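In the text below, chain A, chain B and the rest are named by the order of the sequence lines, each starting its count at 1. Predicted model, so just to flag it, every value in this text is computed and none were measured.
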Amino acid sequence: MKERTMRSSTTIGRRAALRGAGGVLVGLPFLESLAPRAARAAGAPKRLVTIFMPDGAPAGDWFPSGGETGFSLSTILRAYEAVRSKMIFLKGINLSAGNNTHGGNLMYVLTGGARDSIDQVAADRLKAGVPLPSLELGVACQQGSEAKTRISYRGGARVPVEVNPNEVYRKIFQGTLSPGAGADPQLAARLLAQERSVVDLVLGELAAARARACAADRHVLDAHAQSIRDIEGALGELAKAPGSSDFKLHINSRQTRCVQPPISEILSTSPAEATPLAAGKTRIERGAWTARAEHGWGAQDRHREASRVTR
Amino acid sequence: MGTRITAPLCFSWMVAACSGSIGPSGGGSGDEPDGAPAAGAPNPTPRPAKPPESPRTRPAITGAVPGRCAVEPGPQPLRRLTNHEYDSTIRDLFGPEMARTSAGFPGDERHHGLDNNAEDGRQNVLRPRAEAYAAASRAIAARAVSRLATLLPCDVAGRGEAACLEQLVTGFGRRAFRRPLDDGERQRFLAFARTAAREHGFETAVRLTVQGFLQSPQFLYRIEGACAAGLGPYDIASRLSYLLWGTMPDGELLAAAETGRLATADEVGLQARRLMASPRAAPALRRLYELWLALPDFEQVEADEKLFAGFATARPLMREEALRFLDQVVATDAGDFRQLLSAPFTFLNRRLAAFYGVGGSPAGDALEKVTLDAGRRAGALTLGAHLTLRSLETESDPIRRGTFVREQVLCEVLPPPPDDVPPLPPPRAGQSTRQRLEEHRRAPACQGCHALIDPIGLAFEHYDAVGRWRSTQAGVAIDVRGEIAAHENPDAAGRFTGAGELGRLLAAAPAARRCAATHWLRWALGRDETGVDACTLASLAEVLDRESGSVRKMLLALVTSPAFLARRAGGQSP
């Protein structure tokens, strides 16, 4: 395995610029504006949203014109005019380090070659007090695909994305963790205690298996045990505050297939209090939409075409 | 707007499928010794999980001497049950009504098309999967407990709760773990069950215990004994069963392990024959080739409704056609892998034959075996489902069709496309795809790769984007002359006219036999081939050659080979 490093370059091609910079929008300052006013006043918790859009956007309609500050937003990003002064555009980042460059370099966008991507590192630091350390959403990302176009990694493994809005809703507001007990808090507490006892049993079995396993296999069992411990932590949070929220997730399911949705809608343009972030369920969100894009050979350049209509 | 998923990638590399330079080993690390390594040869480096794609470690199998291979097993990564295996294992544990219990799981990553590669962290259980396991085990256990007498046939009133819980732990546990529990496991599960019974009652205790079994690593992974030890009889039973049946061992196989009847290659061969003689073998053997073709993606493919009227209704028939074909050529006793690449027949009914526009139409609604023009047919390579999967929304895609032959039929590695690819010029009126590709190849940066890919893919130009027959393309007469240019396998090189000749060239190529053996080794062991597998692969390819392409005979040789029956002491790291 050749060492791969991130190198920067001042003279790069259009495509590299699109892949490197255009594909990622760092949205932290942007999201602050979505937090409820009260929360902002009290000092909102730190949050991070990363969005990946494959193949970039038409460069002329994406990058702003003007100088480093006081620039004018492009066609695609005009909707963000209200937060223009807080936006930063990166250009000229070359992530192709010699080997597989087309698609392969997406692995470096958020990892820089490390085993964990920055969203997962941030999730680990910011997860206290929320049941979901991070939320991975995808639109039209094929399940089970040879997922070269994932940007989120944990321990070197690609973090799967959830593509079904109903599952997302269930996960956030009904919980896949707890069996659920309706309105009876006593029953809920008992079911939660049962669930936690199974988690303890499983953690014990993982430890026993690890002791017998070969060194090379331990990282697999370790990663699994970490996942279970995360669940254990989340069950702890649930125990403190059982019950569900009256949150409504505003995702138009029609948009999850075929048509590239305005992803900002999924993440934020529903009423601010109704985003998973604002509801205090998580602090990290990652969105991606992939697949379905065909360009160049014989087909229309629909993908980039679609990015023009983002509201 | 109709769009479609064609490649098993989140986006196509095709626009950039073009390279200025082709290395001699095409991205392989090139550090494998020639031929079978001598005893004591350095082991390949272990592959820790990491985000970057690892370059293929390619065995140099040419020149290896077939015959008995040295007892030097390759590395064996820890394998997790795939979603598909999870489903069939749950079904066998609880009954046929527990179907598709993995529906909410994250997908298994595919590597070389297969969904069971356990290397490079592909099977790591991250939190979404762990949560899905928890949710599934909750649902499964609750359903199982609702029919307690079936799950645990134990007279609680007569024998007492404690005895019945013990029966659950040792009896159900043995089937869930595919081996008897060791003392520590038995004590831990019994203690858990007893505590749960005390706190929540007997039935809840049974449910929670089953939940615990189904989330335990001994169930979810194929943990093969302690690291220091070699393979035990139960490990071999599971290897056999998951390879030949795609599921957990049955009672007889577990009994054979228990009574020491899996100790020799002959005894293993006897069980393998029994498993392959069962009707349960066919779908499991076919599964590898379903993944090879990426058939699970076929349901998601969409085609332009205006251009391809009737595709939506033909689609389920096309899928059925592919499954019937694969059954015939790989899963039956007479199965001959060469037919995969060259069979002139397929399975059609009246409607499907009309949709494709082929002659000799069957009259009825049931799919039947139909033999077509041998010059036009190349087995699976001319199946409608395959051709549609390797097409664009509105037009055939010779690049994907050619790449499939290079990568999946010959197991060759094509160099990745370079950084900066000039955009393809839009098609001009009256210009065929062949002409457009020829223009494209004149660019020196594109020539290297596309001279390998395009001429093969263009052999299928008579088949449009949904596999229908046509005599012209873009108004231009179709020219199906081409050649397999020598790349990694000079023994596969040759000229052909049309899909039929191309298929026969491939079916006769030693490289295609080696590639078929390679797919099965990867599938059987959940890992890529390495240098230590050279001798095994050469032997298996030789069995295919000698035994008229019989997949079953090759499998028998595989499951009785040291590569399958032995494990490197101390695991995969040296």
Side-chain angles (χ1 to χ4, degrees), chain A residues 1 4 13 15-16 54-55 96 100-104 107 111 115 141-149 153-157 159-160 176-177 179 194 198 201-202 204-206 208-209 212-217 219-221 223-224 227-228 230-231 258 290-299, chain B residues 1 3 5 8-16 46 48-54 78 104 106-110 115 121 124-128 130-131 134-135 138 184 188 192 196 200 208 211-212 215-218 223 226-227 392-395 416-420 423-424 427 570-573:
Chain A
M1 190 66 228
R4 299 179 193 190
R15 295 171 64 87
D55 303 315
S96 61
N100 188 352
T101 53
H102 194 93
M107 295 165 174
T111 65
R115 295 165 63 83
C141 295
Q142 288 174 80
Q143 294 281 313
S145 65
E146 232 163 332
K148 286 178 182 163
T149 54
Y153 290 85
R154 182 175 281 272
V159 180
T176 54
L177 298 170
Q194 292 175 3
V198 175
L201 174 73
V202 171
E205 293 312 301
L206 276 161
R212 286 153 42 115
C214 300
D217 294 334
H219 70 272
V220 176
L221 297 167
H224 193 148
S227 303
I228 303 280
D230 284 346
I231 292 176
C258 302
T290 49
R292 302 282 171 157
E294 285 192 354
H295 43 267
W297 189 252
Chain B
M1 175 169 78
T3 51
I5 295 170
L9 298 175
C10 252
F11 68 92
S12 163
W13 64 280
M14 209 190 59
V15 66
K50 57 191 174 297
E53 293 165 289
S54 63
L78 178 59
D108 287 312
E109 255 186 58
R110 296 205 206 132
D115 66 358
N124 277 17
V125 175
L126 301 184
R127 184 173 153 165
E131 281 182 27
R138 229 171 13 237
R188 290 193 299 272
F192 174 84
H200 310 293
L208 294 175
Q211 274 180 241
Q215 289 181 75
S216 288
Q218 300 93 325
I223 298 174
C227 182
L392 298 168
E393 185 188 346
T394 55
E395 190 45 272
D419 267 347
D420 293 312
L424 285 161
Q572 78 173 57
S573 44

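Across B:Gly121 and A:Ala157, no two heavy atoms sit closer than the pair O-CB, 3.4 Å. Smallest separation of non-hydrogen atoms from B:Arg188 and A:Ala208: NH2-CB, 3.4 Å.
Considering CZ of A:Arg212 and CD1 of B:Ile223, their distance stands at 7.5 Å, rounded to 0.5 Å.
For a residue to count as touching a neighbouring chain, one of its non-hydrogen atoms must lie under 4.5 Å from one of that chain's; by this rule A:Ala213 touches chain B with the backbone only. The contact between B:Leu126 and chain A is made by backbone and side chain atoms together, counting heavy-atom distances below 4.5 Å. At a 4.5 Å heavy-atom cutoff, the contact between A:Leu201 and chain B is made by side-chain atoms alone.
Using a 4.5 Å heavy-atom cutoff, the side chains of A:Leu221 and B:Leu78 are in contact.
Partners of B:Gln215 under the side chain to side chain donor-acceptor pair (under 3.5 Å) rule, at least two apart in sequence or in another chain, are B:Ser137.
Judged purely by atom type and a 3.5 angstrom limit, B:Ser216 has no side-chain atom pairing as donor or acceptor with the backbone of A:Val202.
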